[in-house]
Amino acid sequence: QVQLVESGGGLVQPGGSLNLSCAASGRMFSIYVMGWYRQAPGKQRELVASITSGGSTNYAGSVKGRFTISEDNAKNTVYLQMNSLTPEDTAVYYCKYGCCYWGQGTQVTVSS
């Protein structure tokens, strides 16, 4: 079992920044993929960014150049730095480990 705890969401004005954290614990593998997903009201959950245990990253086209995913292996924590936020980024953001483990989600609201 793997437990994931997200933090860092909140309300921010357009153009602002937020940094999300996802702390993982439990029985983890040495080779893995972790990702950030988001789900806006009335929409399907979508991949925002992912990172492998080897450090390879992948981004959705809508966030490329604005968001950065990174990890601190010593802390078993993955981060999502979000810059130049727009109202379209408003969603619940979820952390995912491997195929099947999800965090509880953290709300990000971009509004003036």
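Worth saying up front: this structure is predicted, and the values here are computed from it rather than measured.
Residues Leu4 and Val92 do not share a hydrophobic cluster, defined by chaining ILVMFWY side chains whose heavy atoms lie under 4.5 Å apart. Hydrophobic clustering, with ILVMFWY side chains joined whenever heavy atoms are under 4.5 angstrom apart, keeps Val33 apart from Leu80. Cluster membership for Trp102 and Leu47, using ILVMFWY side-chain heavy atoms within less than 4.5 angstrom, is shared. Taken together through direct or relayed side-chain contacts under 4.5 Å among Ile, Leu, Val, Met, Phe, Trp and Tyr, Tyr37 and Val2 form parts of separate hydrophobic clusters.
In plain terms, the two heavy atoms of Phe29 and Tyr97 that are nearest each other are N-OH, 2.7 Å. Heavy-atom minimum distance, Ser111 versus Pro14: C-CD, 3.6 Å. Scanning all heavy atoms of the two residues, the minimum distance from Ser62 to Arg38 falls at OG-NH2, 3.4 Å. The nearest pair of heavy atoms linking Gln107 to Ala91 is NE2-O, 3.4 Å.
Glu88 meets the side chain to side chain donor-acceptor pair (under 3.5 Å) test with Thr86; sequence neighbours excluded.
Within the 4.5 Å cutoff, no side-chain heavy atoms of Met82 are placed close to those of Val63. Using a 4.5 Å cut-off on side-chain heavy atoms (C-beta onward), Val12 and Ser17 make no contact.
Using a distance-only test at 3.5 Å, with no hydrogens or angles considered, a donor-acceptor pair links the side chain of Glu6 to the main chain of Gln104. Within the 3.5 Å criterion, the main-chain N or O of Val110 finds a donor-acceptor partner in the side chain of Thr90. No side-chain donor-acceptor contact under 3.5 Å links Ser21 to the backbone of Ser7.
Here the CZ atom belonging to Arg27 is positioned 10.0 Å from the CD atom belonging to Gln1, to the nearest 0.5 angstrom. Distance check, rounded to the nearest 0.5 Å: OH of Tyr32 to OG1 of Thr52 gives 8.0 Å. Note that CD of Gln3 and CG of Asn76 are 11.5 Å apart. Values are rounded to the nearest 0.5 Å. The distance from atom OH of Tyr94 to atom CG of Leu20, rounded to the nearest 0.5 Å, is 13.0 Å. Rounding to the nearest 0.5 Å gives a distance of 10.5 Å between OH of Tyr79 and CH2 of Trp36. Once rounded to the nearest 0.5 Å, the distance linking CD1 of Ile69 with OG of Ser50 reads 6.0 Å.
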(request) Give the C-alpha distance, both sets of side-chain angles, the deciding distance and a yes or no for side-chain contact (heavy atoms from CB on, under 4.5 Å) between Phe67 and Leu85. (result) CA-CA 9 Å; Phe67 291 11; Leu85 286 161; 3.7 Å; yes

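For residues 19-112, the set of pairs meeting the disulfide (SG to SG under 2.5 Å) definition, not counting sequence neighbours, comprises Cys22-Cys95.
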